[in-house]
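First comes the structure, then the notes that go with it.
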Amino acid sequence: MTLSKLVRRAAGVMLAAAATALPVTISAQVPTPSDLSRSSPAGNYLAAREAGAERDSAAAAAYYRAALKADPKNPELLERAFLSVLSDGEIDEAVKLADRIVQIDHGHRIARLVLGVRAIKQKQYQPARQHFAQSVRGPIADLTATLLSAWTLYGTNEVKPAVEAIDRLAGPEWYTIFKDLHAGLILDLANNRKDAGKRLERAYKLDSNALRAVEAYGNWASRNLARDEALKIFQEFDKILPRHPLIVEAMRDIGKGAKLPPLVQSPQAGAAEVLYGLGASLGRQGGEDLALVYLQLAIYLAPEQPLPLLSLADLYENLKKPQLAIKAYQRVSEDSPLRRNAETQLAVDLDALDRTDEAKSHLEKLVAAHPNDPEAIMALGNLLRGRKQFSACADVYGKAIDLIAKPDKQNWLIYYFRGICYERSKQWDRAEADLRKALELYPDQAHVLNYLGYSWVDQGVNLDDGMRMIKRAVEQRPDDGYIVDSLGWAFYRISKYDDAVKNLERAVELKPEDPTINDHLGDAYWKVGRTLEAQFQWSHARDLNPEPDDLKKIEEKLKTGLLDETSSAAEAAKKKPGNGG
């Protein structure tokens with residue numbers, strides 16, 4: 001069974017009592033005590049259910065508390081209040097509710113997990129193991145409980161039993177990297193260098209792109225292998241994901257001759273690593289509700305660790321809750337190497353909240369303070385491009401390009417983005433140069449092929465090359481409505497209207513809510529004499545909130561139809577040798 005299937009199954013079982021969506025976000029309108037006192041218990045319960053359906057954990061928790069106060073023995077209210085409080089990050093309150101839940105449901109998975117984590121934080125390792133042992137099991141719960149129990153065994157100086165407990169656990173293939181990583185971390189912390197190296201190397205080789213596996217093995221190597229061998233571990237990761245602050249810091253320290261400490265320094269940090277690693281994986285696999293629980297508990301155990309906070313913020317962003325992501329980013333320590341990343345992404349979330357001036361100012365300050373930071377510059381350029389300030393965004397991207405000593409494949413995107421900004425600000429010669437550069441760096445990149453090819457066809461130049469490039473882009477991304485639209489519109493521009501209709505109908509199937517694609521299909525229908533269908537498509541495009549300039553053109557077509565026009569591309573096509581020109 002795959003991890004993604006197990007995620008969905010475990011999330012469904014563990015949170016089955018919460019029939020509505022588990023609340024995961026904080027409302028801007030958390031009810032006041034006065035609000036709660038004016039509502040009946042039934043009203044509070046219904047309001048809590050509504051807040052839960054809206055994934056609003058703070059409001060849901062407040063309403064469930066009020067409802068539970070009026071009916072303290074109601075098990076459903078107790079569990080819903082517990083899950084809401086937990087998802088809101090109020091772990092101390094969640095512990096109190098968990099104590100009550102296990103009196104009713106002895107093996108309640110999440111309640112036992114919370115109580116066990118609280119015991120680890122208090123260095124009560126034997127009680128922690130008892131809580132994990134009493135939990136109802138399942139594939140993800142088995143791995144979680146085993147790894148957490150192993151860290152409690154390390155806490156009582158039982159290193160060999162800890163590793164043996166991990167090795168006894170049988171399960172799906174994806175267990176392996178977690179088992180090797182945590183066995184290696186425990187052995188490394190216990191100064192068992194040889195065995196630690198074997199386990200950490202195995203975890204690293206299972207996924208050399210996994211940040212924590214790279215760090216764990218690289219840190220061990222810095223103390224036990226030659227400097228160049230240790231450095232190579234981090235350098236290989238840097239080729240895949242350049243300039244990650246933690247990797248940059250490690251390479252710098254090893255370059256100075258430093259020997260890096262074990263990745264975790266205590267049972268609490270080890271347990272937090274379990275919860276963070278699983279939580280981050282769950283979030284990526286569609287198990288957002290369970291991921292939130294794990295990440296909140298990881299932060300509870302290791303509040304100084306930035307990675308769970310960044311994963312929590314990323315989870316909130318995926319759930320379209322940027323205001324909560326901002327709060328998570330603000331909690332990243334000022335002295336963390338990841339603080340600048342947090343500040344950059346915080347600005348992106350401000351822009352998502354339409355606080356664009358604030359976001360722009362925030363990024364401009366970051367760029368001024370760190371003019372050699374390409375991530376902040378890119379974020380500012382992306383913000384300006386998203387807000388259609390094209391001349392300004394071209395200038396900003398230029399600052400990032402100036403930092404590139406020798407462009408390579410990974411730099412294609414910035415040239416592509418600057419090319420878009422140049423094209424949209426009517427600086428075609430510069431746009432074409434950047435788009436060609438992006439293709440030079442990444443020859444078969446579908447978006448660049450599409451953009452440059454379409455631009456040529458639309459202008460009536462390089463027609464054969466342009467059509468060939470668009471077709472190559474469609475071959476790579478046949479389900480991308482925008483790229484299929486480009487092919488259809490390119491056929492339209494060279495007066496091949498039947499081909500245009502065929503491709504534009506497909507594009508509308510892929511992106512039915514895009515006003516431009518619907519407008520294009522209306523034009524193509526008109527050209528082949530399907531005027532009623534053209535009117536329908538234009539009406540639909542009009543109702544899909546097109547850009548103001550496009551709306552004006554659409555409304556004119558609805559009044560008068562499509563006036564006869566001859567595109568520069570069609571004219572150029574007719575003049576080409578072999579076309580009767």
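The CD atom of Glu90 lies 11.0 Å from the CG atom of Leu97; values are rounded to the nearest 0.5 Å. Rounding to the nearest 0.5 Å places CG of Leu275 at 9.5 Å from CD of Glu273. A distance of 11.0 Å separates CG of Leu297 from NZ of Lys121, quoted to the nearest 0.5 Å. From Phe237, atom CZ reaches atom CG of Leu246 across 9.0 Å, with rounding to the nearest 0.5 Å.
For Arg243 against Pro374, the heavy-atom pair with the smallest separation is NE-CG, 3.4 Å.
Glu317 and Tyr329 share a side-chain donor-acceptor pair at under 3.5 Å. Judged purely by distance below 3.5 Å, without hydrogens or angles, the side chains of His182 and Arg199 never pair a donor atom with an acceptor atom.
Of the possible polar contacts, none joining the Ser208 side chain to the Lys205 backbone as a donor-acceptor pair under 3.5 Å is found. In this structure, the side chain of Tyr442 does not engage the main chain of Trp412 through any donor-acceptor pair within 3.5 Å. In this structure, the side chain of Gln305 engages the main chain of Leu307 through a donor-acceptor pair within 3.5 Å. A side-chain donor-acceptor contact under 3.5 Å links Thr152 to the backbone of Ser149. Using a distance-only test at 3.5 Å, with no hydrogens or angles considered, no donor-acceptor pair links the side chain of Gln268 to the main chain of Leu301. In terms of modelled atom types and a separation under 3.5 Å, the side chain of Thr144 and the main chain of Ile140 share a donor-acceptor contact. Side-chain N or O atoms of His370 include none that pairs as donor or acceptor with a backbone N or O of Asp373 at under 3.5 Å. Of the possible polar contacts, none joining the Ser135 side chain to the Phe132 backbone as a donor-acceptor pair under 3.5 Å is found. When atom types are taken as modelled, the side chain of Tyr217 and the backbone of Leu181 share no donor-acceptor pair closer than 3.5 angstrom. Asp314 contributes no side-chain N or O that, together with a main-chain N or O of Leu310, makes up a donor-acceptor pair within less than 3.5 Å.
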| field | Arg129 and Gln126: CA distance, side-chain angles, deciding distance, side chain to side chain donor-acceptor pair (under 3.5 Å) verdict | value | CA-CA 5 Å; Arg129 285 198 292 277; Gln126 180 63 33; 2.6 Å; yes
| request: Carefully, step by step, assess Arg65 and Glu93 under the rule salt bridge (Lys or Arg N to Asp or Glu O under 4.0 Å). | output: CA-CA 11 Å; Arg65 285 188 197 103; Glu93 184 178 358; 2.6 Å; yes
| said: Run Leu206 and Trp174 through side-chain contact (heavy atoms from CB on, under 4.5 Å) and show every step you take. | reply: CA-CA 10 Å; Leu206 282 167; Trp174 57 265; over 6 Å; no
| message | Pair His362, Glu343 - check side chain to side chain donor-acceptor pair (under 3.5 Å), show working. | response | CA-CA 8 Å; His362 192 85; Glu343 292 282 2; 2.7 Å; yes
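No salt bridge links Asp349 with Lys327; every basic N to acidic carboxylate O contact stays at or beyond 4.0 Å. Salt-bridge check for Arg118 with Asp92: failed, with every basic side-chain N at 4.0 Å or more from each acidic carboxylate O.
Atom CZ of Arg193 has 12 or fewer heavy atoms from other residues, nucleotides or ligands within 6.0 Å.
Residues satisfying the ring pair (Phe, Tyr, Trp, His ring centres under 6.0 Å) criterion with Tyr154, sequence neighbours excluded, are Trp151. Not counting sequence neighbours, the partners of Pro245 by the side chain to side chain contact (heavy atoms under 4.5 Å, CB included) test are Pro337, Leu338, Asn341.
Under a cutoff of 6.0 Å and an axis angle of 45°, Lys321 and Tyr316 do not form a cation-pi pair. Judged by a 6.0 Å distance limit and a 45° cone about the ring axis, Arg385 is positioned over the six-membered ring of Phe417.
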